[in-house]
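Whatever order the structure lists them in is the order used to number ligands and atoms, beginning at 1. The analysis underlying the following values was restricted to heavy atoms, covering all of them including side chains, and did not include hydrogens, waters or symmetry mates.
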Amino acid sequence: MNIAVIGAGYVGLVTAGCFAELGNHVVCIDTDSNKINDLKKGMVPIFEPGLATLIQSNLLNGRLQFMHSLVALKVHPQIIFIAVGTPSDIEGSADTQYVLQAAKNIGEYLQQYCVIVDKSTVPVGLSQQLTAVIQAELNKRQQTFCFDTVSNPEFLRQGAAIDDFMRPDRIIIGMGLNSIIAKERMLELYLPIVRHPEKIYFMSIKDAEMTKYAANAILATKISFMNEIAVLCEQMGVDVENVRMGIGSDSRIGNAFIYPGCGYGGSCFPKDVQALIKMAETYDFDPLILRAVQKRNQLQKQFLAEKIIDLFGHDLSNITIGVWGLAFKPETDDLREASSLVLLENLLAHKAHIQAYDPVAIQKARQSFPPSWFNADRLQLVDQQYDALQNADALVLVTEWKPFCYPDFKRMKTLMRRHIIFDGRNQYDPLQMKKVKFKYYGIGR
Ligand SMILES: NC(=O)c1ccc[n+]([C@@H]2O[C@H](COP(=O)([O-])OP(=O)(O)OC[C@H]3O[C@@H](n4cnc5c(N)ncnc54)[C@H](O)[C@@H]3O)[C@@H](O)[C@H]2O)c1
């Protein structure tokens, strides 16, 4: 099939790369010309395991191309995916300007019937606006052919995106009842991936748009719920890790998304929970649970800094903190809404010296952290894991990257001034910490 994907971000690149890998001819389009020029040379601007190889091999075999605009397409695509960003606007709603601009670009370009599939997470009901924008452009050009609009929300997890895309739990497709050709094309596209038709759920477009928000909201709720239990456990002298295992083994509850920590981040959960709250407000509905989920997460992101201040006091000017992990989760370089940002901001406000390391996100951190954070030489971003611990008074583990699983405690002891660990992901065993003589602070233990 001939496919175009608009947006070369985390979702667009994975979508384009995977569909090309499966034998389709895919053109991926982005307005960021630097990004497109790099991608044409096989240089992938984001870190996602396996993605660079996937893109490079499909560039070589000619099934994948990158372009600046739809206009340059030689073959008319049967399906166009929209996978552009929908960040929070000033008020916290999803900013749909990029999606609507992509729709306008499609309307300016379309030459024949096409299925337009929205993969971006958009407010419920946006597809009507999206369809109207495309139609208006067709009218301007006096084009009378029709097109179908489909909602196909994406559920991939950064860090495991290719596997999630290639082996999805389900595919959600929202479309109009009369979109017969669109249904055929979506089935043709997705059946080889899922192999079981019952894994494809057809529903109305609004149902599909809401499914995406509800999915992210329930995952965020599980995390915030467990974080709340963890804080309570800490007050009560209970180890939340035992509680986690005790409840996770109940098949009605399950183990996923109940790991206590220093808050969720990333480009999806925070903005999608916020956008859902905003949507509810437009219906004069007060989403009590969603507000609590959000509030708990904001508090949880402060938790590590509070523990550090409790121990060392408010004046941290003589304290050096080593930080392991900046990305919002392991196996990605994405720093959007990462818990590390709140921690660093807090520690810098208390004049701490910080030596931070991340196996992959360090370059992005150098480019994207506010220049003021580097004033007075208080923040150093280091290239080696153990350099973060030189003369440090404490280590804070923020992101549970694999290389942090089995640290060399002997080496750490020789490097660090004091032997203290704040474990934001409950990665380490408190009993082992006692054995290796580190003072240990976890979350809810
Ligand atoms: N990142 C995730 O894990 C994830 C998972 C599921 C769903 N989503 C949703 O998918 C959407 C995309 O997310 P992302 O993280 O890939 O975004 P991103 O910010 O990484 O990438 C978006 C890309 O779109 C490009 N763009 C913007 N306007 C354009 C236009 N008119 N034409 C062409 N390109 C344009 C930008 O230059 C950018 O490269 C969002 O709605 C997000 O909520 C993201």
I need the atoms of ligand 1 closer than 4.0 Å to a non-hydrogen atom of T86, numbered in the order shown.
40 (C), 41 (O), 43 (O)
Tell me: protein heavy atom nearest atom 12 (C) of ligand 1, and distance?
V84 O, 3.4 Å
Among all protein heavy atoms in this structure, tell me which lies nearest to atom 43 (O) of ligand 1, with the distance rounded to 0.1 Å.
K271 NZ, 2.7 Å
Answer with yes or no whether R336 contacts ligand 1, where contact means a heavy atom under 4.0 Å from a ligand atom.
yes
If you scan protein heavy atoms around atom 25 (C) of ligand 1, the nearest is D30 OD2, 3.1 Å
Under 4.0 Å to a heavy atom of K35 - the qualifying atoms of ligand 1, by number
38 (C), 39 (O)
Is D207 salt-bridged to K212, cutoff N-O under 4.0 Å?
no
Measuring from Q158:CD to E48:CD, what's the distance to the nearest 0.5 Å?
6.5 Å
Looking only at protein heavy atoms, which one is nearest to atom 22 (C) of ligand 1, and what is the separation?
G85 N, 3.5 Å
Min heavy-atom dist R157 to ligand 1 below 4.0 Å
no
Would you say the side chains of N58 and N61 form a donor-acceptor pair under 3.5 Å?
yes
Taking atom 5 (C) of ligand 1 as the point of reference, which of L156, D272, T31, I106 owns the nearest heavy atom?
L156
Could you tell me the residue and atom name of the protein heavy atom closest to atom 21 (O) of ligand 1, and the distance to it rounded to 0.1 Å?
G9 CA, 3.2 Å
Just which atoms of ligand 1 are under 4.0 Å from any heavy atom in A83?
12 (C)
Mind checking ring pair (Phe, Tyr, Trp, His ring centres under 6.0 Å) for Y190 and listing every partner two or more places apart, or none if nothing turns up?
F19
Which of the atoms in ligand 1, numbered in the order shown and given with their element, are less than 4.0 Å from a heavy-atom of Q158?
1 (N), 2 (C), 3 (O)
Do Q101 and T31 have side chains that get closer than 4.5 Å, going by heavy atoms?
no
Determine, for K307 against E234, whether the closest basic-nitrogen to carboxylate-oxygen distance falls under 4.0 angstrom.
yes
Which residue supplies the protein heavy atom nearest to atom 31 (N) of ligand 1, what is that atom called, and how far is it?
N105 OD1, 3.6 Å
How does S267 reach ligand 1, if at all, at less than 4.0 Å between non-hydrogen atoms: by side chain, backbone, both, or neither?
side chain
Just checking, any donor-acceptor pair under 3.5 angstrom between side chains of K119 and S151?
no
When rounded to the nearest 0.5 angstrom, what distance separates CD in Q143 from CG in L138?
6.5 Å
To the nearest 0.1 Å, how far is atom 9 (C) of ligand 1 from its closest protein heavy atom, and which atom is that?
T121 OG1, 3.4 Å
Indicate yes or no: does an N/O atom of V11 lie under 3.5 Å from an N/O atom of ligand 1?
yes
Atom 6 (C) of ligand 1: closest protein heavy atom, distance to 0.1 Å, is E154 O, 3.2 Å
Any idea which atoms of ligand 1 are less than 4.0 Å away from a heavy-atom of A102?
31 (N)
State whether E137 and K140 are salt-bridged, where the test is any N-O pair (Lys NZ or Arg NE/NH1/NH2 against Asp/Glu carboxylate O) under 4.0 Å.
yes
Between K212 and ligand 1, is there a nitrogen or oxygen pair with a distance under 3.5 Å?
no
With ring centroids as reference points, do F145 and Y113 lie under 6.0 angstrom apart?
no
Among side-chain atoms of R291 and Q294, is any donor-acceptor pair under 3.5 angstrom?
no
In ligand 1, the atoms that come under 4.0 Å of a heavy atom of I6 are 32 (N), 33 (C)
Can a donor-acceptor pair be found, under 3.5 Å and without considering hydrogens, that links the side chain of D358 to the backbone of G325?
no
Look at ligand 1 and say whether K104 reaches it with a heavy atom at a distance under 4.0 Å.
no
Sequence neighbours excluded and cut-off under 3.5 Å, please list the side-chain donor-acceptor pairs for residues 73-85, or say none.
unit_1 : atom_1 : unit_2 : atom_2 : d
H76    : NE2    : Q111   : N      : 3.1
Q78    : OE1    : N2     : N      : 2.7

